[in-house]
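FYI, the numbering just counts along the sequence from 1. Note that the coordinates shown come from a computational prediction; the quantities given were computed from them, not determined experimentally. Side chains included, hydrogens not; waters and symmetry mates left out as well; all remaining heavy atoms used.
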Amino acid sequence: MDPNFLPCFLLLLCIVAFADAGSVGVNYGRIANNLPSAVKVVNLVKSQGLERVKVYDTDPAVLKALSGSGIKVTVDLPNQLLYSAAKYPNFARSWVQKNIVAYHPSTQIEAIAVGNEVFVDPHNTTKFLISAMKNIHQALVRFNLHSSIKVSSPIALSALQNSYPSSAGSFRPELIEPVFKPMLDFLRQTGSYLMVNAYPFFAYESNSDVISLDYALFRENPGVVDSGNGLKYFNLFDAQIDAVFAALSALKYDDVKMVVTETGWPSKGDENEVGASVENAAAYNGNLVRRILTGGGTPLKPQADLTVYLFALFNENEKDGPTSERNYGLFYPNQQKVYDIPFTVEGLKNYKAPSRSPVSGGQQVSAPVRGGVSKSTTGNTWCVANPDAGKEKLQAALDFACGEGGADCRPIQPEATCYNPNTLVAHSSFAFNSYYQKKGRGMGDCYFGGAAFVVTQEPSAYFSLISSISCLFFRYCLLTCA
């Protein structure tokens with residue numbers, strides 16, 4: 001054998017492996033008042049070697065700045081437009097013409113995210129999602145763009161009913177027939193992919209006593225064997241993604257591909273946000289980039305090289321919620337890096353992940369790992385009654401919550417502090433929220449057969465359902481129950 005053959009052969013294998021590996025992009029959020037201009041942002045993205053960007057709207061300044069950059073772009077039709085896009089095909093057509101046709105292909109729009117984490121939207125827009133997706137796609141067909149631009153909708157992991165072990169992954173039953181099956185049919189028919197937002201940080205934060213920080217940060221660890229299929233996992237990200245793959249398989253949609261539209265780790269958090277630090281954020285994102293760009297898929301889908309969008313490009317100072325929400329950025333608004341990680345194969349050559357943080361959380365990883373929830377459903381979240389569920393379902397759920405569910409329903413008894421407003425919806429909301437908080441705000445803890453849903457802001461939007469006189473007091477009751 002030629003002595004030069006083996007090294008050359010191995011080099012060829014490496015080149016092929018990297019060519020077939022996944023892709024890393026970044027979410028460009030703009031909920032801040034101190035960010036650089038869109039032109040400067042595009043130059044920053046290009047300088048880092050990033051080739052994909054996801055935005056949360058179709059701001060003309062951003063789309064114009066991206067024109068001619070060679071950067072592939074995913075845009076978003078916001079949740080508040082779902083109703084119009086679903087009910088009025090002409091609106092969908094006009095939106096596509098104004099926000100897509102006007103920029104593409106000079107701005108390389110490759111996908112449209114119709115809504116974002118719609119199932120946890122407190123405005124209850126889920127029922128408009130499928131029609132909105134179909135109308136947007138039909139508009140693309142009209143302009144002959146349907147082959148080059150995909151249509152999908154990012155889901156949070158809270159759309160899963162089960163996520164541990166990964167092999168038991170399943171979607172929430174109340175969403176399967178009305179939403180998931182028609183959506184997955186649509187994705188299959190149009191050659192699109194399921195968009196998923198996955199945050200191992202949230203699972204670790206809520207379960208740091210049983211989840212190893214090394215397991216969450218892609219660092220060396222003993223691994224976790226899935227009791228259902230015998231596969232061994234060495235990081236929580238893979239386990240979460242395979243739970244979604246398993247949920248797809250359970251519905252016979254193994255052929256539908258997946259893109260991770262959001263994932264990240266905060267560099268700063270409140271005192272109770274365990275694991276939020278610069279060191280851990282650098283370790284998670286740096287190791288994730290290496291994991292994605294060197295290929296290999298997941299234990300369940302070893303050939304499924306993923307496209308992953310890091311969240312987020314900048315720290316955003318006007319975001320609501322806990323401190324972590326404003327500290328997911330890879331960069332400060334002055335364009336300086338929050339921490340130094342590579343984004344390209346070339347950058348990986350000399351990259352060394354940060355040393356282990358002294359805060360390691362729990363060292364056991366055999367306990368159930370709640371599959372994670374969406375970025376928007378962590379921090380301060382509440383469980384409130386669904387007024388469309390009907391009196392019988394609400395009453396049955398209320399009876400369960402206050403009975404065997406163990407919710408503290410004493411404050412809603414006659415003459416107690418939170419008895420008023422004396423309505424089924426208000427009392428159910430209090431009981432459901434008590435149960436949800438006591439259970440640790442896990443996935444499935446705010447279900448009640450479809451009689452409840454999670455809200456991600458103080459439930460002010462919900463107050464219209466109760467009397468205005470008691471509104472502020474009821475808000476106090478919900479918050480003190482948390």
Side-chain angles (χ1 to χ4, degrees), residues 6-27 45-54 71-72 110 166 193-201 204 212-224 226 231-245 257-265 279-311 313 330 337 339-356 365 372:
L6 185 58
C8 291
F9 178 68
L10 293 176
L11 177 61
L12 177 62
L13 285 180
C14 290
I15 292 173
V16 171
F18 281 131
D20 292 339
S23 173
V24 173
V26 65
N27 284 276
V45 170
K46 290 177 66 176
S47 74
Q48 300 302 312
L50 289 160
E51 298 178 348
R52 281 188 161 90
V53 165
K54 178 173 165 286
I71 297 171
K72 295 181 174 66
E110 64 173 344
S166 297
Y193 40 77
L194 181 65
M195 295 177 169
V196 177
N197 296 344
Y199 286 86
F201 167 71
Y204 173 75
S212 162
L213 185 60
D214 291 336
Y215 183 66
L217 298 180
F218 300 89
R219 296 195 298 223
E220 185 177 352
N221 64 88
V224 182
D226 187 308
L231 295 174
K232 195 168 189 177
Y233 288 85
F234 292 96
N235 66 79
L236 183 53
F237 175 83
D238 280 357
Q240 290 186 336
I241 297 307
D242 273 356
V244 182
F245 276 130
K257 296 182 179 180
M258 189 190 313
V259 167
V260 180
T261 36
E262 286 185 24
T263 190
W265 196 283
E279 295 79 12
N280 290 344
Y284 177 81
N285 284 317
N287 288 330
L288 173 65
V289 169
R290 178 163 52 198
R291 155 80 180 76
I292 296 301
L293 293 185
T294 54
T298 65
L300 186 61
K301 294 277 190 175
Q303 304 304 317
D305 294 316
L306 294 170
T307 293
V308 171
Y309 289 83
L310 302 178
F311 186 88
L313 189 56
L330 301 166
K337 284 188 174 183
Y339 42 84
D340 191 18
I341 63 169
F343 302 106
T344 64
V345 172
E346 182 67 25
L348 284 172
K349 291 180 180 178
N350 299 315
Y351 173 66
K352 184 178 180 181
S355 59
R356 183 172 300 185
V365 288

Check whether any side-chain heavy atom of Tyr233 sits under 4.5 Å from a side-chain heavy atom of Thr298, and report yes or no.
no

For Phe218 and Phe237, take the angle between the two ring planes, folded into 0 to 90°, and tell me which bin it lands in: parallel under 30, tilted 30 to 60, perpendicular over 60.
tilted

How many angstroms lie between CG in Leu213 and CG in Asn280, if you round to the nearest 0.5 Å?
5.0 Å

Nearest heavy-atom approach of Ile241 to Ala198 is CD1-CB, 4.1 Å

Might you point out which heavy atoms bring Ser166 and Ala239 nearest each other, and give the distance in Å?
OG-O, 2.7 Å

Please name all residues satisfying side-chain hydrogen bond (donor to acceptor under 3.5 Å, both in side chains) with Thr344, sequence neighbours left out, ordered by chain then number.
none

Heavy-atom closest pair (Arg219 atom, Ala283 atom, distance to 0.1 Å) is NH1-CB, 4.2 Å

Drop me the distance from Asn287's CG to Tyr351's OH, to the nearest 0.5 angstrom.
5.5 Å

Side chain to side chain, Val26 and Phe311, heavy atoms closer than 4.5 Å
no

So, taking the atom named CZ in Arg52 and the one named CD1 in Ile71, what distance separates them when rounded to the nearest 0.5 Å?
11.5 Å

Determine the minimum heavy-atom distance between Leu236 and Ala216, stating which atoms define it.
CB-CA, 4.2 Å

Spacing of OH belonging to Tyr284 relative to CG belonging to Asn235, to within rounding of 0.5 Å
8.0 Å

Look at the rings of Tyr204 and Trp265 and say which category their plane angle falls in: under 30° parallel, 30 to 60° tilted, over 60° perpendicular.
tilted

Would you compute the distance between atom CG of Asp238 and atom CG of Asp226 and round it to the nearest 0.5 angstrom?
12.0 Å

On the six-membered ring of Phe245, is Lys301 placed so that its NZ or CZ lies under 6.0 angstrom from the centre and within 45° of the ring axis?
yes

Could you tell me which non-hydrogen atom of Lys337 sits nearest to which non-hydrogen atom of Asp340, and how far apart they are?
NZ-OD1, 2.9 Å

For side-chain contact (heavy atoms from CB on, under 4.5 Å), just list the numbers for Tyr339 and Leu330, CA-CA rounded to whole Å, side-chain angles, deciding distance to a tenth of an Å, and then say yes or no.
CA-CA 7 Å; Tyr339 42 84; Leu330 301 166; 3.4 Å; yes

Just checking Glu51: does its CD atom have more than 12 heavy atoms from other residues, nucleotides or ligands closer to it than 6.0 angstrom?
no

What's the separation between atom CZ in Phe343 and atom CG in Leu310, rounded to the nearest 0.5 Å?
6.5 Å

Between Gln240 and Thr263, is there a side-chain heavy-atom distance shorter than 4.5 Å?
no

